[in-house]
J.: 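Below are the structure tokens for one structure; questions will follow.
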There are 2 protein chains.
Amino acid sequence: METPIALPHVEVDVVVFTLCQHDLKVCLVRVDDAIWQLPGGVVAKHEGLEEAALRQLVEKTGVSAVYLQQLYTFGTPDRITHQRLISVVYLALIAASRLPAGCADTPALSMTWHSVYALPPLLLDHGAIIDYALTRLRYKIEYSAAAFELLPEEFTLRELQDAYMIILNDRTLDKANFRKKLREAGILESVSRYRETGGRPAKLYRFRKDAQLEVKARRFFP
Amino acid sequence: METPIALPHVEVDVVVFTLCQHDLKVCLVRVDDAIWQLPGGVVAKHEGLEEAALRQLVEKTGVSAVYLQQLYTFGTPDRITHQRLISVVYLALIAASRLPAGCADTPALSMTWHSVYALPPLLLDHGAIIDYALTRLRYKIEYSAAAFELLPEEFTLRELQDAYMIILNDRTLDKANFRKKLREAGILESVSRYRETGGRPAKLYRFRKDAQLEVKARRFFP
DNA sequence: TCAAAAGTGTTCAGCTTACACCCATGA
DNA sequence: TCATGGGTGTAAGCTGAACACTTTTGA
């Protein structure tokens, strides 16, 4: 290699979220007894960044076709002493129903799902990275249909609303208004099946594949 | 250096916008007679990414204190043949009033300001990068006060509205409603000075340093 | 006194919010 | 028939779009 200049190490890290047990969970890999880290690693020679992120994801979760999006690149020199480390961070969303082992704790493996609301000690700045990813996820589900990526193929409106409330950490969504907005958005189609619940059975819906979620120009400001 | 794996080249590129002559302009550096590129270069050994972007900016524009924000990292292997190139792209906004030479064309220098609405042939995927930056800028000015970074310290409401209309490429903003929204946002303070115009003089305003532009939770969707 | 540009008020439609109500099922 | 959760309708209030209007300057 012709490397006159000092080339920095480049990694990808992936913040993988899933919804499980009425909680938002993030995929973490054990470093040692006390410390955890995000799934991640070096980018291979002829690999794209997204490709590398996807590889990490498949290795750790066994799932390949997922919502995957680049978030931010962290690269301040103080992240790690005596070395430069650049991390390109990706956000991934996986429905728990698509995880081979579900999101149950499998203590044998070095990978585990942790509630974002109760994180263990984390490597380097991975805690800050997860916070950032969570913030971005919260924005994302409000102006796009990203939340559907965290639900099974078919779901009830209550389950969808729960997903929003868990992610936003906000219990105050009004049921009637939530449903009305979805009806008007026209992005759901009902299936002629029902989910058994404690009371009246709930209609099942699915996301319309052909839905064009046209985010109207917003003009919050000015 | 201990480099068992092939380390990729990492660059920063900066998309610098300014407003000038009723047009949105981007800073470009000449590659050769026919081709232009974004200001950018390799990241130095112990330099942060943002630091490197700022260095590029000072070298090319002479301005240091600016709005500077990371946008995206481009790193597909097909960007450049027989080599891997990762570009961390930053967005910068500079008010033309702060440019040492203004934004007039200075043909002697290799740096020139080009209208984003009439770009010359560009290196690699720099055209796509500028498009992306413009899209992000348009979102940004609608939910933050970023547009002020492109205006002089003191400005008239008309100039502010013009800035929005130029950037959004949309002439249909209503004057009365635009002003009402700004008044209610409470982020401007009037100076007791006026700008001479063709007709009635226009009051000058400035951005309130203490303004907390609280972007209210939006809930477009659901 | 007229043109040009600054600056304001008012209406109406549509959307959001809050809340009350009815429905279907199992125990 | 009661508890549980699913599902809907509507009035009050707020917001945004459209547009007409007044004010201040220079020529």
Side-chain angles (χ1 to χ4, degrees), chain A residues 21-22 139 141-143 151-152 154-166 168 170-206 213-222, chain B residues 22 138-139 141-143 147 151-152 154-166 168 170-207 213-222:
Chain A
Q21 296 158 341
H22 277 254
Y139 278 91
I141 63 169
E142 296 205 2
Y143 63 78
L151 291 174
E154 298 183 355
F155 49 84
T156 69
L157 294 182
R158 162 68 99 107
E159 287 162 2
L160 180 56
Q161 187 180 342
D162 273 347
Y164 271 88
M165 294 195 297
I166 292 166
L168 299 173
D170 172 5
R171 292 264 117 204
T172 67
L173 289 192
D174 183 275
K175 183 174 54 157
N177 298 332
F178 184 89
R179 284 156 190 251
K180 197 188 312 169
K181 222 165 183 181
L182 278 167
R183 217 181 304 132
E184 285 161 6
I187 56 169
L188 296 185
E189 58 191 11
S190 69
V191 188
S192 50
R193 267 186 297 281
Y194 293 83
R195 171 104 73 222
E196 304 286 313
T197 66
R200 168 175 171 179
K203 211 156 186 16
L204 284 168
Y205 291 82
R206 71 167 160 234
L213 179 55
E214 181 156 336
V215 178
K216 53 207 171 213
R218 299 104 315 153
R219 301 283 156 78
F220 313 120
F221 170 82
Chain B
H22 276 254
R138 284 176 174 157
Y139 278 91
I141 63 171
E142 295 205 2
Y143 63 78
L151 291 174
E154 298 181 357
F155 48 85
T156 69
L157 294 182
R158 161 67 100 108
E159 285 162 3
L160 180 56
Q161 185 179 344
D162 273 347
Y164 271 87
M165 294 195 298
I166 292 166
L168 298 173
D170 171 6
R171 292 266 115 205
T172 68
L173 290 193
D174 182 274
K175 183 175 53 156
N177 297 331
F178 184 89
R179 284 155 190 249
K180 198 188 311 168
K181 223 166 183 179
L182 279 167
R183 217 181 303 131
E184 285 160 7
I187 55 170
L188 295 185
E189 58 190 11
S190 68
V191 189
S192 51
R193 267 186 295 282
Y194 293 83
R195 174 147 305 161
E196 304 285 313
T197 67
R200 169 175 171 178
K203 213 161 185 12
L204 284 168
Y205 290 82
R206 70 167 159 234
F207 185 63
L213 180 55
E214 180 155 339
V215 178
K216 54 207 170 215
R218 294 105 317 148
R219 301 284 157 74
F220 314 121
F221 170 82

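Heavy-atom basis, side chains included; hydrogens, waters and symmetry copies ignored.
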J.: Report the nucleotide, chosen from D:dG6, C:dG9, D:dA17, that has the shortest atom-to-atom distance to any side-chain atom of B:N177.
T.: D:dA17
J.: Between A:K175 and A:Q161, what is the shortest heavy-atom contact and its length?
T.: CA-OE1, 3.6 Å
J.: Nearest whole Å is fine: how far is D:dG6 C1' from A:L188 CG?
T.: 16 Å
J.: Using the side-chain heavy atoms of A:K175, tell me which of these nucleotides is nearest: D:dG7, C:dT10, C:dG7.
T.: D:dG7
J.: Quick one: does B:Y164's side chain have a donor or acceptor within less than 3.5 Å of a partner on B:I141's backbone?
T.: yes
J.: When the nearest nucleotide of DNA chain D is assigned to A:G199 and to B:D174 on a heavy-atom basis, which residue is associated with the more 5' position?
T.: A:G199
J.: Could you state the atom-to-atom distance from CZ of B:R158 to C1' of C:dT8 in whole Å?
T.: 16 Å
J.: Rounded at 0.5 Å granularity, tell me how far CG in A:N177 sits from CG in A:L182.
T.: 11.0 Å
J.: For the side chain of A:A202, starting at C-beta, report the closest nucleotide among D:dG7, C:dA6, D:dC19.
T.: D:dG7
J.: Rounded off to whole Å, could you give me the CZ-to-P distance for the B:R179 and D:dT22 pair?
T.: 18 Å
J.: Tell me which nucleotide among D:dT24, D:dG16, D:dG6 gets nearest to the side chain of B:K181.
T.: D:dG16
J.: Base, sugar-phosphate or nothing for A:A176? Non-hydrogen atoms, less than 4.0 Å.
T.: base
J.: Distance check needed: D:dT8 C1' versus A:E184 CD, whole Å only.
T.: 13 Å
J.: Quick one: does B:E154's side chain have a donor or acceptor within less than 3.5 Å of a partner on B:V191's backbone?
T.: no
J.: Nearest whole Å is fine: how far is C:dA6 P from B:R195 CZ?
T.: 11 Å
J.: Quick one: A:D170 CG to C:dT17 P, roughly how many Å, whole number?
T.: 11 Å
J.: Within the distance-only criterion (no hydrogens, no angle test), does the side chain of B:E159 pair as donor or acceptor with the backbone N or O of B:L151 below 3.5 angstrom?
T.: no
J.: Need to verify one output field. Residue with the more 5' nearest nucleotide on DNA chain D, A:T156 or B:K180?
T.: A:T156
J.: Given C:dT8, D:dT25, C:dT25, identify the nucleotide with an atom nearest to the side chain of A:P201.
T.: C:dT25
J.: Reckon A:R200 has a side-chain N or O less than 4.0 Å from the OP1 or OP2 of D:dG5?
T.: no
J.: Without decimals, in angstroms, what is the distance between B:E159 CD and C:dA6 P?
T.: 9 Å
J.: Just compare C:dG26, C:dC19, D:dG26 and give me whichever is closest to any side-chain atom of B:E196.
T.: D:dG26
J.: Contact class for B:K203 (heavy atom, under 4.0 Å): base, sugar-phosphate, or nothing?
T.: sugar-phosphate
J.: Within this structure, what is the CG-to-P distance between A:L173 and C:dC19, rounded to whole angstrom?
T.: 15 Å
J.: Compare the minimum distances between each of D:dG6, C:dA6, C:dT17 and the side chain of A:T197, then state the nucleotide with the smallest one.
T.: D:dG6
